[in-house]
Structure formats: structure tokens, C-alpha cells
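All values below were derived from every heavy atom in this structure, side-chain atoms included, with hydrogens, water molecules and symmetry-related copies excluded.
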Amino acid sequence: MWSRFVRPALICTSVWRSLFTMRLKTNEFQSLFTDGLNGIAEVFEKHQHELRIAGGAVRDLLSGKRPEDVDFATTATPEVMKDMFQAAGIRMINNKGEKHGTITARLHNENFEVTTLRVDVQTDGRHAEVEFTTDWQKDAERRDLTINSMFLGYEDLQNHKVRFVGSAEQRIQEDYLRILRYFRFYGRVALKPDDHEAETLTAIRENGRGLAAISGERIWVELKKIVVGNHAAHLLELIYALDLAQYIGLPPDGDVEEMTRVWQNAEAHSPKPMTILAALFHSPEDVEKMDLRLKVSREEKTLALFLVKHRRALCKSDEEPDSLKPFTDFIIDSREPDSQSKVCELLKYQGEEKLLSELQRWSVPRFPISGHDLRKMGITSGKEIGATLQELRDIWKKSRYQLDKDELLSHVKP
């Protein structure tokens with residue numbers, strides 16, 4: 001899908017290979033035309049090469065959203081683009097994408113990635129060899145989903161449908177990561193949680209094994225977005241129903257029922273992706289296997305291990321169900337800088353909305369006693385100082401952190 005650089009602006013799309021244009025005059029679209037973009041557009045106009053906004057940015061514009069990232073497509077080849085930019089005195093950076101047809105130009109402190117129209121000549125399920133073309137339709141037909149392509153894109157976007165371009169099986173076999181991209185965009189576009197085409201699900205099931213050859217890092221980028229998107233519980237259930245979990249680092253016997261419950265608890269509170277996925281894990285071993293496959297960050301892994309360890313053990317008190325005390329005591333005792341953040345994720349996991357709100361407003365108090373204070377009282381043994389500090393810390397916790405320095409030191413026996 002592309003937006004043409006024509007003022008007043010037009011969106012160019014197609015349905016059943018019949019091209020049509022529609023006028024787009026939204027604030028979101030007009031806001032894209034910075035000095036940098038206008039300068040880049042003028043270069044292409046001068047040399048009579050078409051330049052259009054491409055892919056997901058057009059999908060977002062047609063949905064009334066301002067796109068976060070904007071990619072561009074052109075009929076000019078990489079060599080032609082380099083000549084044009086050099087002649088215009090426009091700096092080019094990062095030449096890694098050139099073999100795939102992408103040139104990155106920098107103008108007025110903005111980067112613009114412009115890619116030549118392409119057709120795939122050979123694919124292996126992960127990478128594609130491409131040839132350049134000037135045919136917008138052919139480029140559209142090599143893309144994954146209709147909502148990311150000009151072909152059929154606008155109609156499907158209007159109907160909140162997510163479908164592959166042409167044959168689902170062929171699109172998937174060109175790049176098996178498209179299975180997860182399907183789920184991610186379903187969460188962004190579809191209104192109902194279970195409105196898939198049967199042929200699409202069949203193609204995904206029959207080709208799921210191909211995900212085993214995709215790098216864990218690429219899988220994790222997509223999976224994170226699925227988990228925090230709309231219909232996340234349904235989509236994870238579907239991943240298990242289609243027998244995909246084993247190929248993407250999730251336990252084959254994951255606790256789907258627990259995951260659904262946790263997602264319902266946490267959905268409204270912006271949970272981290274690992275907060276939802278942790279519900280699938282039965283043990284720390286499941287977390288280790290997931291990390292081995294997906295190469296998650298240290299922070300993400302430690303959060304998963306924390307939730308698996310404490311989801312049953314660290315809970316509200318039966319005697320004082322409205323009290324934060326078990327959680328604040330844990331934070332005080334842990335002395336780790338991110339412990340409060342982890343406990344907040346635990347409360348999201350447990351569905352403790354009221355306690356979560358209180359903890360998010362709570363500030364960790366400073367324990368008013370140090371070893372230096374005890375030495376001034378004549379306690380010199382390191383072992384005794386450590387034991388006394390712990391005793392005073394326990395007294396301070398029981399007071400709900402209210403006792404001050406003098407009141408605490410009054411408990412120290414001379």
C-alpha cells in the first residue's frame with residue numbers, strides 16, 4: 001500500500017487489480033511533510049521518479065493514526081538514487097540495505113529510508129533474492145498481508161480483515177515469520193477475537209514447522225507485540241491450538257488457562273509482555289528454555305523467573321487483605337533497584353488492582369540506621385552490627401516504617 005506525493009494528497013490503492021485514488025487531507029498526513037521530506041520529494045520530482053509512502057504507514061493513515069515510522073518506495077534504482085542525492089548534496093548513511101534496494105538519505109536532521117520497487121525471484125523461508133521493477137502492482141503482490149500492500153488493502157482495512165496477499169501458503173513459505181506477523185496485525189486491525197479465514201489457519205498449521213529455522217531474536221520482536229496487543233489471550237490460545245508453541249520458545253504444555261486468566265487480570269494495566277507469558281511457564285526450567293530459544297534481555301528473563309517463583313508465595317495477607325505490607329516488606333528486604341517494578345508486575349499478574357494502584361504511588365522509605373550509628377554506641381563486631389541492623393530493620397517494618405532514628409536506637413541494648 002502506498003500514498004502518492006501529490007498535493008492535494010491522494011492515496012493510491014487497488015481492489016481486484018483495478019486502481020483507484022482517493023483524496024487524503026487529514027492532519028495526520030499533512031504533519032508528515034517536514035522540511036526534510038519536502039526536500040527529498042523535490043529531488044524525485046525533479047528527476048521524474050515516483051516516490052510514495054509505503055506499507056504500514058499508509059495503513060495507519062487510512063485508520064486515522066499518525067504513523068510512528070514512515071518508509072518510502074520509488075521507481076528509481078539504488079544507483080539512480082545515489083546519483084540524485086549526490087547531485088543535490090544530500091548525505092547518505094548506512095549502506096547495509098543497498099543490496100536489498102534501500103538507500104537512507106539524511107536531510108534536516110531526519111533519516112529517510114527509500115526502497116526501490118522489487119519482485120522476489122527466489123526465497124528460502126527466511127531471505128529473498130530480489131530484482132528491481134517499476135511495476136507497483138508486482139511489488140504489492142510480493143508483500144505479506146493485504147493491509148500492508150496496495151492489492152486489496154483498502155477494502156480489507158475498511159472491513160477489519162487480515163489476510164495474506166494471494167496464496168497464504170506461498171506467502172508463508174517465502175518467510176515463515178509471516179505467521180507471527182499475521183497474528184500481530186490481527187491484534188491491531190481485527191475487531192473480533194475469532195474472525196480468521198479457515199484457509200489461513202490451515203496454511204499456518206501446515207507450515208508452522210518453518211518457524212524453527214527463524215532466529216529467536218526475530219521471533220521475540222513479533223511475539224512481544226502480539227502479547228501486549230488486542231485479542232492477545234485468544235491469539236496465544238490459537239498459537240497452541242495450531243501447534244506452534246514448540247517452535248517459538250514456549251513450553252509445549254504451557255498453562256493456557258492460567259495465561260488467559262492473567263491476561264484478563266492485567267490487560268487494562270499495561271502489563272509487560274513477560275508478565276503474560278510467565279503464566280504459561282510451569283517452572284524456572286521453562287524460562288531457561290525460552291531464553292535459550294528467544295535470547296530475551298536479562299531484565300525480561302529475571303522478571304519471568306521472579307513471577308514464576310513468587311506468584312503463589314508472595315500474596316496479600318488473609319488477616320489484612322487490603323494491606324500492602326507483605327509487598328512493601330519484600331521490596332525493603334530485597335534491596336534491588338527494580339524490585340518495586342517487579343512487584344507491580346506481580347500484582348498485575350494476580351489481578352490486585354487496588355493494591356497495584358497503591359504500590360505505584362508508594363515511595364520506598366530510607367532505613368534511618370547505619371552501621372556507623374551502631375559503632376558510635378560502642379558496637380564494634382561486624383557480626384554483631386549485622387545482626388543488630390537486621391533486628392532494627394524488623395522493628396522498623398512492624399512499625400510500618402514510622403519509627404525514626406532515635407526511636408529505633410532506643411531498642412539497642414548498651
Practice task
Dump the intermediate steps for side-chain hydrogen bond (donor to acceptor under 3.5 Å, both in side chains) on R163 and T200, then the final yes or no.
Solution key: CA-CA 7 Å; R163 296 189 295 175; T200 297; over 6 Å; no
Exercise for the section: Would you sort out whether V162 and D195 count as a side chain to side chain contact (heavy atoms under 4.5 Å, CB included), showing the intermediate values? Expected result: CA-CA 9 Å; V162 182; D195 191 25; over 6 Å; no
Exercise for the section: Carefully, step by step, assess E169 and S167 under the rule side-chain hydrogen bond (donor to acceptor under 3.5 Å, both in side chains). Expected result: CA-CA 5 Å; E169 183 172 46; S167 163; 5.2 Å; no
Problem - side chain to side chain contact (heavy atoms under 4.5 Å, CB included) assessment of L236 paired with V256 - result: CA-CA 8 Å; L236 284 169; V256 176; over 6 Å; no
Exercise for the section: Begin from the C-alpha positions of I332 and F367 and carry the test side chain to side chain contact (heavy atoms under 4.5 Å, CB included) through to its verdict. Expected result: CA-CA 9 Å; I332 293 294; F367 181 50; over 6 Å; no
Problem - Residues T104, M92; criterion side chain to side chain contact (heavy atoms under 4.5 Å, CB included); working and verdict - result: CA-CA 6 Å; T104 302; M92 288 169 281; over 6 Å; no
Exercise for the section: Under the salt bridge (charged side-chain N to carboxylate O under 4.0 Å, His left out) rule, what do E174 and R178 come out as? Steps first, then yes or no, please. Expected result: CA-CA 8 Å; E174 289 167 352; R178 287 173 171 175; 2.7 Å; yes
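A salt bridge links K354 with E358; the closest basic N to acidic carboxylate O contact falls under 4.0 Å. A salt bridge links D333 to K397: one of the charged nitrogens lies within less than 4.0 Å of a carboxylate oxygen. At a threshold of 4.0 Å, the pair R52-E50 counts as salt-bridged, since one of the basic side-chain nitrogens sits closer than that to a carboxylate oxygen. Look at E131 and R118 and you find no salt bridge, because none of the NZ, NE, NH1 or NH2 atoms lies under 4.0 Å from a carboxylate O.
Across all their heavy atoms, T115 and H100 have their closest contact at CG2-O, 4.1 Å. Minimum interatomic distance between W263 and A232 (heavy atoms only, all atoms of both residues): NE1-CB, 3.3 Å. W362 and V364 get closest at one heavy-atom pair: CZ3-CG2, 3.6 Å.
Side-chain polar atoms of N265 and Q350 form no donor-acceptor pair below 3.5 angstrom. Using modelled atom types, one finds no donor on one side chain facing an acceptor on the other under 3.5 Å when comparing T134 with T75. Judged by distance alone, the side chains of S370 and D373 do bring a donor and an acceptor atom under 3.5 Å apart. Between the side chains of N38 and E42, not a single donor N or O lies within less than 3.5 Å of an accepting N or O.
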Which donor-acceptor pairs under 3.5 Å do side chains of residues 239-254 form with protein atoms, sequence neighbours excluded?
unit_1 : atom_1 : unit_2 : atom_2 : d
Y240   : OH     : P251   : O      : 2.7
D243   : OD1    : Q246   : NE2    : 3.1
D243   : OD2    : Q246   : NE2    : 3.1

Name each donor-acceptor pair under 3.5 Å that joins a side chain in residues 224-231 to protein atoms two or more places apart or in another chain, with its distance.
unit_1 : atom_1 : unit_2 : atom_2 : d
N230   : ND2    : G187   : O      : 3.2
H231   : NE2    : A190   : O      : 2.9

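T116 places a side-chain N or O within donor-acceptor distance of the main-chain N or O of A76, the cut-off being under 3.5 Å. Panel note: side chain R66, backbone S31; a donor-acceptor pair is recorded below 3.5 Å. Formation of a donor-acceptor pair under 3.5 Å by the H234 side chain with backbone atoms of P193 is found in this model. With D291 contributing its side chain and K301 its backbone, the two residues share no donor-acceptor pair below 3.5 Å.
Counting non-hydrogen atoms of neighbouring residues, nucleotides and ligands closer than 6.0 angstrom, the NZ atom of K295 exceeds 12 such neighbours. Annotation: R298, atom CZ; neighbour count of heavy atoms from other residues, nucleotides and ligands within 6.0 Å does not exceed 12. Remark: E217 CD is packed, more than 12 non-hydrogen atoms of other residues, nucleotides or ligands lying under 6.0 Å away. Counting non-hydrogen atoms of neighbouring residues, nucleotides and ligands closer than 6.0 angstrom, the CD atom of Q390 exceeds 12 such neighbours.
Here the straight-line distance linking atom NZ of K161 with atom CG of L191 works out to 10.5 Å at 0.5 Å rounding. Here CG of L355 is found 6.0 Å from CG of L347. Values are rounded to the nearest 0.5 Å. Between atom CD1 of residue I179 and atom CZ of residue R184 there is a gap of 14.5 Å, rounded to the nearest 0.5 Å. Atom CG of D255 is separated from atom OG1 of T260 by 9.0 Å, given to the nearest 0.5 angstrom. Between K405 atom NZ and E407 atom CD the span is 13.5 Å, to the nearest 0.5 Å. In this structure, CD1 in I90 is found 5.0 Å from CG in L107, a value given to the nearest 0.5 Å.
Sorted by first and then second residue, the salt bridge (charged side-chain N to carboxylate O under 4.0 Å, His left out) pairs with a member in residues 84-93 form an empty list; sequence neighbours excluded. Residue pairs meeting the ring pair (Phe, Tyr, Trp, His ring centres under 6.0 Å) criterion with at least one partner in residues 318-337, sequence neighbours excluded, are F306-F330, H310-F330. Contacts classified as ring pair (Phe, Tyr, Trp, His ring centres under 6.0 Å) and involving residues 39-68 (residues at least two apart or in different chains) are given here: F44-F85. Applying the ring pair (Phe, Tyr, Trp, His ring centres under 6.0 Å) test to residues at least two apart or on different chains, none of the pairs has a partner in residues 206-225. Residue pairs meeting the salt bridge (charged side-chain N to carboxylate O under 4.0 Å, His left out) criterion with at least one partner in residues 77-89, sequence neighbours excluded, are E79-K82, K82-E98. Residue pairs meeting the salt bridge (charged side-chain N to carboxylate O under 4.0 Å, His left out) criterion with at least one partner in residues 259-282, sequence neighbours excluded, are E258-R261, K272-E299.
Using a 4.5 Å heavy-atom cutoff, the side chains of I214 and D175 are in contact. At a threshold of 4.5 Å between non-hydrogen side-chain atoms, the residues P67 and I53 do not count as touching. Annotation: side chain of P273 is not in contact with side chain of L223 (no heavy-atom distance under 4.5 Å). By the 4.5 Å heavy-atom criterion applied to side chains, E110 and F112 are counted as neighbours.
Residues passing the salt bridge (charged side-chain N to carboxylate O under 4.0 Å, His left out) test with E199: none are found, sequence neighbours excluded. With sequence neighbours left out, the salt bridge (charged side-chain N to carboxylate O under 4.0 Å, His left out) criterion links K309 to no other residue. With sequence neighbours excluded, no residue satisfies salt bridge (charged side-chain N to carboxylate O under 4.0 Å, His left out) with E391. For E320, the salt bridge (charged side-chain N to carboxylate O under 4.0 Å, His left out) partners are R400, not counting sequence neighbours.
Just one residue in the list K342, H269, E345, K348 forms a side chain to side chain donor-acceptor pair (under 3.5 Å) with T275, and that residue is E345.
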